[in-house]
Amino acid sequence: MQDSATVRRERARRRKNLMRAIGKDSIAIIPAAPVKSRSRDTDYTYRQDSDFYYLTGFLEPESVAVLISGRKAAEYILFCRERDELMETWNGRRLGVDRAPEVLDADDAFPIDDIDEILPGLLEGRERVFYSMGRETLFDNRIIGWINQLKSKSRSGGSVPSEFVSLDYHLHDMRLYKSRAELALLRKAARLSAAGHIAAMKRCEPGCMEYQLEAELISTYRNAGAEHSFLPIVGGGANGCILHYTENNMELSDGDMVLIDSGAEWQGYAGDISRSFPVNGRFSEAQRELYEIVLEANLAAISKAVVGNHWNDPHEAAVRVITKGLIRLGILKGELRKLIKEEEYRRFFMHRTGHWLGLDVHDVGDYKVDEKWRALEPGMVLTIEPGLYIPDASDVPKRYRNTGIRVEDNVIVTDAEPEVITSAVPKSVDEIEALMAAS
Ligand code: GLY
Ligand code: MN
Ligand code: MN
């Protein structure tokens, strides 16, 4: 599918901005994600590298984008696979080298099989190479090989880049600020994620299996043409206390809570929602007491996701509500300030309150600038996801044990109030009970 003219203009702007940021005499090399084998002759679902996609919009593997700022002949060069009737019959369509300039706005395109001959020449005369070293060892080694090739040649005159700089600093800072078009894609990913959660909530009843709720999530996403942005987490009872539980293979029991953490991916952009609800559709007193604390923490944290605050303000608000609540329920004992200072809550709330959200679920962008928490600015998108995970421990009141609760929303920082783009999924006790009673 070809991107619209608006999207293409936006990608061109990104490449220009990046080239301006890295300065002339520089070259940036951005490889596509490699294909990963799943078992003999079958691969994992291919997912394009987010940096590569952000700059090119190209979804094929075995491609490399090269940006050469200020180069007269061509600044944006793409290496990609050539058309091949036999290979395309077996493995799918290819754009091909001839069509790449027209479809992807590359100034020039070459066959990926020729990269070893061409790339050293592009490096020649450049002072700095911008590249994200350390992600893919095989590609790292190829870059080193091209440089070495150039070095051996330079003994007869050519100049070799003398600096290697991480591309992440400039590129990831750009990616942190979402454009209007990106926000629209994130809103759609959030809408589809919400629809998946609602379907799973409706499907849930005692005796059904965790994977059956997973199936509701995935089928909702796929029916809309989306993917899942990460493996869904569906954990009943004690499984809800395992933060990255993805086995999803146990029965859901009457009287337990279930925690679902899942999101859709729409045109590369991720949704990431968590909801926790009683398997039988009615909160017990103990479940309600715990749930209300997490919900209050979620709302308190969201209200802090505003311009003028810094990255850690929502987390600090959530920690305060959670610690206060744990004292109220007799799970923590002591003085609020001291318990917060000594991080006693971490036994029950061991992760942070959120992360940036975008093309990656845990999106790029620094959380600190000059060792200080980053100021929140319009166009930044983050998750707010406080949780409480009460283990099966003898020093905790019995009625609360084996309960995992997380309430996670996706939030856009704006000039005004935070925009919660995942509010379509019920999250108050009454809303959840009403939805489950109606199904
Ligand atoms: N699903 C991963 C997270 O919530 O961060
Ligand atoms: Mn999540
Ligand atoms: Mn998350």
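Numbering of ligands and ligand atoms starts at 1, following listing order.
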Peer 1: When E210 is tested against each of N239, T246, N248 for side chain to side chain donor-acceptor pair (under 3.5 Å), which residue passes?
Peer 2: N239

Peer 1: What is the total of protein N/O/S atoms that are closer to the Mn ion (ligand 3) than 2.8 Å?
Peer 2: 4

Peer 1: List the steps, then state whether salt bridge (Lys or Arg N to Asp or Glu O under 4.0 Å) holds for R187 with E419.
Peer 2: CA-CA 10 Å; R187 285 191 194 97; E419 182 185 338; 2.6 Å; yes

Peer 1: Under 6.0 Å from the ring centre and within 45 degrees of the ring axis: does the NZ or CZ of R11 meet both conditions for the six-membered ring of Y53?
Peer 2: yes

Peer 1: Using a strict threshold of under 4.0 Å (side-chain N to carboxylate O), is an ion pair present between K338 and E344?
Peer 2: no

Peer 1: So does E265 pair up with R47, basic N to acidic O under 4.0 Å?
Peer 2: yes

Peer 1: Show the protein residues that qualify under the rule heavy atom under 4.0 Å from an atom of ligand 1, listing them in chain and number order.
Peer 2: F230, D261, D272, H355, H362, E385, E408

Peer 1: Given 3.5 Å as the limit, does a donor-acceptor pair link the side chain of D49 with the main chain of D51, or not?
Peer 2: yes

Peer 1: Does the side chain of N298 pick up a donor-acceptor pair with the side chain of D409 at under 3.5 Å?
Peer 2: yes

Peer 1: Using ring centroids (six-membered ring only for Trp), state whether H244 and F230 fall under 6.0 Å.
Peer 2: no

Peer 1: Among side-chain atoms of H351 and E385, is any donor-acceptor pair under 3.5 angstrom?
Peer 2: no

